[in-house]
Asks: 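Have a look at this one.
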Protein chains: 2
Amino acid sequence: MVKTPRSQASMASSVNELTTAVGQLLRRLRSETGTDELNLSQLGVLGRLDQQGPMTTADLARAESMKPQSMGTILASLEQEGLVERNPHPSDGRQVLFAMTGKGADVRRKRGNAKREWLLAALMQLEPDEQRTLLDAIPLIKRLSES
Amino acid sequence: MVKTPRSQASMASSVNELTTAVGQLLRRLRSETGTDELNLSQLGVLGRLDQQGPMTTADLARAESMKPQSMGTILASLEQEGLVERNPHPSDGRQVLFAMTGKGADVRRKRGNAKREWLLAALMQLEPDEQRTLLDAIPLIKRLSES
DNA sequence: TATTGTTATACTCTATAACTATA
DNA sequence: TATAGTTATAGAGTATAACAATA
C-alpha cells in the first residue's frame with residue numbers, strides 16, 4: 001500500500017465522523033450503569049490516583065483537561081463515598097493531596113463496575129489488529145485534545 | 001508467535017485511558033466555540049442530513065445512538081434557526097422527514113465553525129501514519145458503541 | 001395495539017464568577 | 001500580588017415519563 005498523506009478535503013469529511021463516534025461512545029458508556037454508581041469522571045480520577053498516587057485538585061484537573069472547580073465537585077463526591085481522602089501538602093498549606101482509600105481500591109478491583117466491564121468486553125471482541133489500531137489511537141486522541 | 005492478541009489484563013489498563021481520552025476530546029471540542037453557536041449534536045445532525053438526505057426523527061436518533069426525545073430537542077433548535085425544515089412523509093402521516101435547508105448548507109460550508117476548524121487543524125498536525133491510525137480507529141469506535 | 005413524534009420535567013456533567021486562605 | 005481551593009450559580013446536553021396522532 002502506498003503512503004498517501006490525506007488531503008485537507010478528505011480529512012474534513014472525517015471530522016464529523018470522529019465527533020459523532022466519540023459522542024456515541026460516551027453516551028453508550030454513560031448508559032451502562034450497574035451496581036456501581038460511579039460516573040466516567042469519577043472512574044477516571046480513581047484510576048489516575050491508583051496509577052500515579054496522591055495528587056492535588058489542580059493537577060488532576062489539568063490531567064483530565066477540566067476546570068479545577070469541576071474537579072473539586074468530582075473529588076467531593078468521591079470523598080463523600082469514602083473512595084478518596086484528603087491529606088495536607090507537606091510544604092504548601094494551600095494545596096490538598098487527594099489519595100485513594102482502601103475502599104476506593106476495592107471499588108476499582110471488584111466486579112460490578114458496569115462501564116469498565118462493558119468496554120472491556122467490547123474491546124475483547126475486536127480482532128487483534130483492530131485492537132492494536134484502537135489502542136494506538138488513544139495517545140493520538142489525547143494529543144488532539146492538548147493541541 | 002505470529003499474532004499476539006492482547007490479554008484481558010493488558011486491555012483492562014487501556015479502558016481507563018480510552019474513556020479519559022474520549023472525555024477530554026469531547027470537553028475540548030465543546031469549549032471551542034466561535035461565531036457558530038452550534039453544539040456537537042447539532043453539527044452531527046446537520047452533517048448527517050447533508051450526507052444522507054432527509055431523515056426522520058427516529059432514524060436520526062438511531063444513527064446518533066440517542067433517544068428520539070433527545071433528537072427531537074436538537075431538531076427543534078435547528079428548525080428554529082432555519083437550518084432544517086420539516087416535510088411530511090409521503091405515505092406515513094406519523095413520520096416527519098427533516099431536510100437541511102440552504103441556510104443549513106451555508107452554515108456547514110462557511111468558515112467560522114470553530115469546533116470543526118479546530119479539530120481539522122489538530123488532525124492536520126499529526127504525522128501521516130498517525131492520521132491513518134486515527135481515521136482507521138473511527139469505525140472501530142463506532143463498532144464499540146453498537147456492541 | 002404498536003409506532004412516531006411531542007411536551008413536560010428532571011438529572012448529569014461541566015463551566016463561570018465570587019470568595020477565602022495561603023504563599 | 002499570585003495561586004490553591006471552596007462555594008454558589010448557571011448552562012448544556014440528555015434521559016424518563018406521559019401524552020397525542022396515526023398506523
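Protein chains get the first letters and strands the later ones, always in sequence-line order, with residue 1 at the start of each.
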Asks: What residues from residues 59-94 of chain A pass a heavy-atom cutoff of under 4.0 Å to DNA chain D?
Replies: A:Gln69, A:Arg86, A:Arg94
Asks: So, do B:Leu83 and B:Leu38 sit near enough that their side-chain heavy atoms are less than 4.5 Å apart?
Replies: yes
Asks: Are the side chains of A:Asn39 and A:Arg30 in contact, using a 4.5 Å heavy-atom criterion?
Replies: no
Asks: What pairs meet the salt bridge (Lys or Arg N to Asp or Glu O under 4.0 Å) rule with one or both residues in residues 40-49 of chain A, with sequence neighbours excluded?
Replies: A:Arg48-A:Glu64
Asks: Under 4.0 Å between any heavy atoms, over every strand shown, what does A:Thr56 touch: base, sugar-phosphate, or nothing? Just pick one.
Replies: sugar-phosphate
Asks: Hey, are B:Lys103 and B:Asp106 close enough for a salt bridge, meaning a charged N less than 4.0 Å from a carboxylate O?
Replies: no
Asks: Taking CG from B:Leu29 and P from C:dA15, how many angstroms apart are they, rounded to a whole number?
Replies: 13 Å
Asks: Determine whether B:Met71 and B:Val45 make a side-chain contact, defined as any pair of heavy atoms from C-beta on separated by less than 4.5 Å.
Replies: yes
Asks: Just wondering, are more than 12 heavy atoms of other shown residues or ligands nearer than 6.0 Å to NZ in A:Lys142?
Replies: yes
Asks: Just to be sure I understand the rule, does A:Ser31 reach a base, reach only the sugar-phosphate, or reach nothing, if contact means heavy atoms closer than 4.0 Å?
Replies: nothing
Asks: May I have the distance from A:Glu32 (atom CD) to C:dT12 (atom P), rounded to whole angstrom?
Replies: 17 Å
Asks: Heavy atoms only: give me the nearest B:Met55-B:Ala63 pair and the separation to one decimal.
Replies: CE-CB, 4.5 Å
Asks: With the threshold set at 4.0 Å, does a side-chain nitrogen-carboxylate oxygen contact exist between A:Arg132 and A:Asp129?
Replies: no
Asks: Going 5' to 3' along DNA chain D, which nucleotides are the first and last within contact of chain A (any atom under 4.0 Å from a heavy atom)?
Replies: D:dA2 to D:dT14
Asks: Whole-Å distance between C:dT14 C1' and B:Asn39 CG?
Replies: 14 Å
Asks: A:Leu43 has an atom CG; how far is it from atom P of C:dT12, in whole Å?
Replies: 15 Å
